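Whatever order the structure lists ligands and atoms in, that order sets their numbers, starting from 1. Here, residue 1 is the first one in the sequence, and each next residue gets the next number. What you are looking at is a predicted structure, and each value in this text was computed from that prediction instead of being measured.
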Amino acid sequence: MKQGVAWDTSSVFKSLRWKLQFFYSTLLATVVLCSGSVFYYQIWVSIFAGVDRGLEAAALYLDVTLRSFPPPIQQGLEAPPMLPPPLRPDGTAPPPHRPRRSREQFLEELRLPQELNIPGINNPRDQPYFMVMTANDMLLKKEFLPSGYSEATSLAGQFNHQPTLILLKNNFREVRMIGPSGSKIIVGKSLRRETDHLRNTAIQFIAIGLAFLVLGVGVSFAIAFRMVRPITQMSATAELLSEKDLSKRLDLNHFDSELAGLAEVLNRLFSRLDASFSRQRQFTADASHELRTPLTVIRSASELALSQQRSPEEYQETIEVSLKAAERMTNLVNGLLALARLDSSNADFHLRQNDLSDLVSESVSLLRAIASEKQISLVSDLHSVQIFGNPESLSRMIDNLINNAIIYNKPGGKVFITLKSHDDKAVLEIKDTGVGISEEHLPFIFERFYRVDKARSRLSGGSGLGLAICKGVIEKHNGTITAQSILGEGTTFQIQLPVWNYSN
Ligand code: ADP
């Protein structure tokens, strides 16, 4: 049935697909953000480093130019008067000096050359500016000072003999230094062009990053969908199979290797479930069948007795037949009850330390009378072995095996019962010289209701549950039971149970 369409956040957090999607998207966003930031930072650094280098070079250039001027010019004074050149040793006058240059002519030389690699120097809008003051803040020269530039702010700052870079409030980068005769040199530049360039770069980065992110989320959605689809398909198929037909299996070729393993596990689970359901069905059918026979006997015997007047002997015979049928039913119900107990939990299965030889010798003495009635002799060779188990169920198992060895024996036959310990195991063998079991039947004798010879088994009151109960009891004690048989010669049952150690 379809669920409601309401957005259920808890199911989103539990969904493998959404978790994968979330993981991929977060990873991608982190990668895009980190790499974008690193790129952006590197571009930022390289742009501003270029500006700084250019400004420093310009300040040093102005410093060198100033140094070539006579000191009075550096101090904002007029050029000193030229003294006439001294006479030559021979008394003749030397050729006259070049005419004296004026202050303005000196200062004309004070400019930023185009060759200086300052970003934007060829663009009038981004033209670097400079200002040179004397030691007592008299303006020597200024050029290209942008509008909105505050000279007072610049002059208020600290000046060093080394070029010092600072960033002004209204996005101007400046270098300041003390030149010759204490003059103050300021070279600066508006960072508008660089910040515009960086803003555009950032916008491009964000756009590319977002495109990557959208693409990545789309791809991760497709990947997550593809990864989860086989699981969804598998659960749908598994549900269909479990509902309709447990005998069908998932086709391993349809799944990737990792999921094929899961499909194989599911197939094995189906097989076990299928086998268990079939056993259950078979068991119910067998149990009903077994109960129906004695019930039919009681019913038909009673109906026959009641159909007309009978003699007391006939009535007695009817009651005897009914009693036998009731006994069979009691046996059967007891057997079913014992199996049900074995199948259930260990809660009422109390274990304690026992000498297995005591339990075996009790069974031997109990069954000796029945054996001798059938001219069968019981030969036992028992060694004391301590085990940890439930004595009632163990005795029942031993009774059953010895009883079978008597029932399925030949007149004058023998039953050998031996008990010894070997390799930390109690080994109990019950060997008879009876009819034996053919090879085709041997693998099935421990199955519930399995009987080799139904007629003979029924005659002896057997229900086909005895060996199944024995196996159940032994498995509950972590032991094993095996049967070997030669048709016409006899059968040997061997039981192995763990020996009880005080260190256990
Ligand atoms: P049942 O109650 O019919 O004896 P069991 O479960 O005890 O049922 O035995 C299953 C079948 O195994 C029997 O029907 C019988 O044919 C065969 N079987 C068991 N024990 C022996 C034995 N000692 N010798 C020959 N056949 C045996």
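By the 4.0 Å N-to-carboxylate-O rule, Glu290 lies close enough to Arg328 to be salt-bridged with it. The pair Glu475-Lys471 meets the salt-bridge criterion, since a charged nitrogen lies less than 4.0 angstrom from a carboxylate oxygen.
A distance-only check finds a donor-acceptor pair linking the side chain of Asn409 to the backbone of Lys414 [under 3.5 Å].
The part of Asp432 lying near ligand 1 is the side chain, judged by heavy-atom distances below 4.0 Å. Residue contacts with ligand 1, taken as heavy atom pairs separated by less than 4.0 Å, involve Thr491 solely via side-chain atoms from C-beta onward.
The closest approach between Gly434 and ligand 1 stays at or above 4.0 Å for every heavy atom of the residue.
Close N/O approach between Val452 and ligand 1 is found [any backbone or side-chain N/O within under 3.5 Å]. Of the polar atoms of Gly464, at least one N or O is found under 3.5 Å from an N or O of ligand 1, judged by distance alone. On a distance-only criterion, Arg451 and ligand 1 share no N/O pair closer than 3.5 Å. For Ala468, no nitrogen or oxygen atom sits less than 3.5 Å from a nitrogen or oxygen atom of ligand 1, counting backbone and side chain alike. Any N or O atom pair closer than 3.5 Å counts here, and Leu467 shares at least one such pair with ligand 1.
For Glu303, the side chain to side chain donor-acceptor pair (under 3.5 Å) partners at least two apart in sequence or on another chain are Arg299. With sequence neighbours left out, the side-chain contact (heavy atoms from CB on, under 4.5 Å) criterion links Asp251 to Asn253, His254.
Nearest-residue assignment for atom 10 (C) of ligand 1 (options Phe493, Tyr408, Tyr450, Phe446; heavy-atom criterion): Tyr450.
Heavy atoms from other residues, nucleotides or ligands lying under 6.0 Å from CD of Gln162 number 12 at most.
No close placement of the Trp44 and Tyr40 rings is indicated, their centers lying 6.0 Å or farther apart.
Annotation for ligand 1: atoms under 4.0 Å from non-hydrogen atoms of Gly466 are 5 (P), 6 (O), 7 (O).
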